Novice: 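Questions regarding the structure given below will be posed in turn.
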Amino acid sequence: MTFRGWLLPLALIAPQVIISAVFFFYPAGQAIWQSLFIPDPFGLSARFVGLGNFEFLLSDRFYRTSFLTTAVFSILVTLCSMVPALFLAVIADRLIKGSGIYRTLLIWPYAVAPAVAGVLWLFMFNTRVGVISWYLGQLGYDWNHVLNGGEAMGLVVVASAWGRISYNFLFFFAALQAVPRSVIEAAAIDGAHFWRRFFTIVLPLITPTAFFLLVVNIVYAFFETFGVIHTITGGGPQQSTTILVYKVFSDGFVGQDLGSSAAQSVILLFVVGLLTVVQFKYIEKRVHY
């Protein structure tokens, strides 16, 4: 069916265009504009500095450290959420009795907001009343993520990945269900054991889903984990869990350095866009469609 004229197509795409313009393009433009100025904390005046904010950030040792922290955090969150999700999806795909209950229980954590998930894990690992920290103390390990940067990073990684496992599980399970059973049965008849069938047949067929989840989880680790870090560590100790998105908040809303915060948001947007381009340009070539 074809439509004459341009009014109907324009009316159909107008809601999405308006939403994108109001909630993405306008804020992004405002951030780029504000990154060229150093405003006072009250917003009454601003001094034009050009690229001065960017020069200051790139020369700041703490800001450069936050890049490494973000990279480590994003990689760990992506791996800790995708690998267990794939394993659970494989089990659910092979499960016959009680599979509906099993899948429902696995989906539940996705309904928990990141900030709430952070509070839950914070209570379990609390140095005074936490259940898990108490058991670790009984085993002779003194858990204290308030002072230990490695323990703090591990805790925010686990808390961030926990709720994401359910999301990844849904996509992996749907991809496994779409794999033709006739191909797997033919390989089984030829004598291929389960793991050989999985790595040579199943895994290549679900790589499009895995690639999609790789991109989505990296973007999630960059942006949507703010609530987890804010509730558990607040970026500490000694900025060991201060990722880029949290540094935008701490410098802009806490430190009232609005120009630097705007410049950080522009750099963050550029980094995520560059990562996405690299993923689609190089990693997608290894994906089998």
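Keep in mind it's a predicted model, so treat the numbers as computed, not measured. In this chain, numbering begins with 1 at the start of the sequence shown. Basis for what follows: all heavy atoms, side chains included, without hydrogens, waters or symmetry-related copies.
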Novice: For Ile18, which fellow cluster members are found when Ile, Leu, Val, Met, Phe, Trp and Tyr are connected by side-chain heavy-atom distances below 4.5 angstrom, either directly or through intermediates?
Specialist: Ile19, Val22, Phe23

Novice: Would you list the pairs meeting salt bridge (charged side-chain N to carboxylate O under 4.0 Å, His left out) in which at least one residue belongs to residues 110-121, sequence neighbours left out?
Specialist: none

Novice: Does any N or O in the side chain of Ser35 come within less than 3.5 Å of the main-chain N or O of Ile32, such that one atom is a donor and the other an acceptor?
Specialist: yes

Novice: Give the intermediate values and the outcome of side-chain contact (heavy atoms from CB on, under 4.5 Å) for residues Asn217 and Met82.
Specialist: CA-CA 8 Å; Asn217 280 277; Met82 290 186 63; 3.9 Å; yes

Novice: Quick one: does Ser261's side chain have a donor or acceptor within less than 3.5 Å of a partner on Leu258's backbone?
Specialist: no

Novice: With sequence neighbours excluded, give me every side chain to side chain donor-acceptor pair (under 3.5 Å) pair touching residues 115-137.
Specialist: none

Novice: Do Phe67 and Thr70 pass the side-chain contact (heavy atoms from CB on, under 4.5 Å) test, and can you show the C-alpha distance, the side-chain angles, and the key distance before you say yes or no?
Specialist: CA-CA 5 Å; Phe67 269 93; Thr70 304; 5.8 Å; no

Novice: Which pairs of donor and acceptor atoms, one on a side chain in residues 150-158, lie under 3.5 Å apart (sequence neighbours left out)?
Specialist:
unit_1 : atom_1 : unit_2 : atom_2 : d
Glu151 : OE1    : Asn144 : N      : 2.8
Glu151 : OE2    : Tyr141 : OH     : 2.4

Novice: Can I get a per-line list of side-chain donor-acceptor pairs under 3.5 Å for residues 185-193, giving both atom names and the distance, sequence neighbours left out?
Specialist:
unit_1 : atom_1 : unit_2 : atom_2 : d
His193 : ND1    : Trp195 : N      : 3.4
His193 : ND1    : Arg196 : N      : 3.2

Novice: Which Ile, Leu, Val, Met, Phe, Trp or Tyr residues join Val119 in one cluster when any pair of side-chain heavy atoms under 4.5 Å counts as a link?
Specialist: Phe123

Novice: Which heavy atom of Gly149 sits nearest a heavy atom of Ser240, and at what distance?
Specialist: CA-OG, 3.4 Å

Novice: Holding to side chain to side chain donor-acceptor pair (under 3.5 Å), I want the full list of residues that pass it with Arg181, two or more places apart in sequence or in another chain.
Specialist: Asp93

Novice: Hey, is CZ on Phe194 packed in by over 12 heavy atoms from elsewhere, all under 6.0 Å?
Specialist: yes

Novice: Centre of Tyr220's six-membered ring, under 6.0 Å away, within 45 degrees of the axis: is that where NZ or CZ of Arg164 sits?
Specialist: yes

Novice: With sequence neighbours excluded, what pairs up with Asn53 under the side chain to side chain donor-acceptor pair (under 3.5 Å) test?
Specialist: none

Novice: If you link I, L, V, M, F, W and Y whenever their side-chain heavy atoms are under 4.5 Å apart, who else ends up in the same group as Ile75?
Specialist: Leu79

Novice: Which residues satisfy the ring pair (Phe, Tyr, Trp, His ring centres under 6.0 Å) test with Phe253, sequence neighbours excluded?
Specialist: Phe249

Novice: Report, one line per pair, each donor and acceptor closer than 3.5 Å where one atom sits in a side chain of residues 264-275; sequence neighbours left out.
Specialist:
unit_1 : atom_1 : unit_2 : atom_2 : d
Gln264 : OE1    : Val248 : N      : 3.4
Gln264 : NE2    : Asp251 : OD2    : 2.7
Gln264 : NE2    : Ser260 : OG     : 3.2
Ser265 : OG     : Ala262 : O      : 2.6

Novice: For Leu244 and Tyr63: C-alpha separation, side-chain torsions, deciding distance, then whether side-chain contact (heavy atoms from CB on, under 4.5 Å) applies.
Specialist: CA-CA 8 Å; Leu244 291 174; Tyr63 185 68; 3.9 Å; yes

Novice: Below 3.5 Å, can you tabulate the donor-acceptor pairs from side chains in residues 228-239 to any protein atom, sequence neighbours excluded?
Specialist:
unit_1 : atom_1 : unit_2 : atom_2 : d
His230 : ND1    : Tyr246 : OH     : 2.9
Thr231 : OG1    : Gly227 : O      : 2.9
Thr231 : OG1    : Val228 : O      : 3.1
Thr233 : OG1    : Ile229 : O      : 3.4
Thr233 : OG1    : Gly235 : N      : 3.3
Thr233 : OG1    : Thr241 : OG1    : 2.8

Novice: Using the rule ring-ring contact (aromatic ring centres under 6.0 Å, His included), only one of Tyr167, Phe169, Phe173 pairs with Phe171; which is it?
Specialist: Tyr167

Novice: Evaluate whether atom CZ of Phe87 has more than 12 neighbouring non-hydrogen atoms of other residues, nucleotides or ligands under 6.0 angstrom away.
Specialist: no

Novice: Going through the checks in order, is the side-chain contact (heavy atoms from CB on, under 4.5 Å) test met by Ser20 and Phe25?
Specialist: CA-CA 6 Å; Ser20 299; Phe25 292 109; 3.8 Å; yes

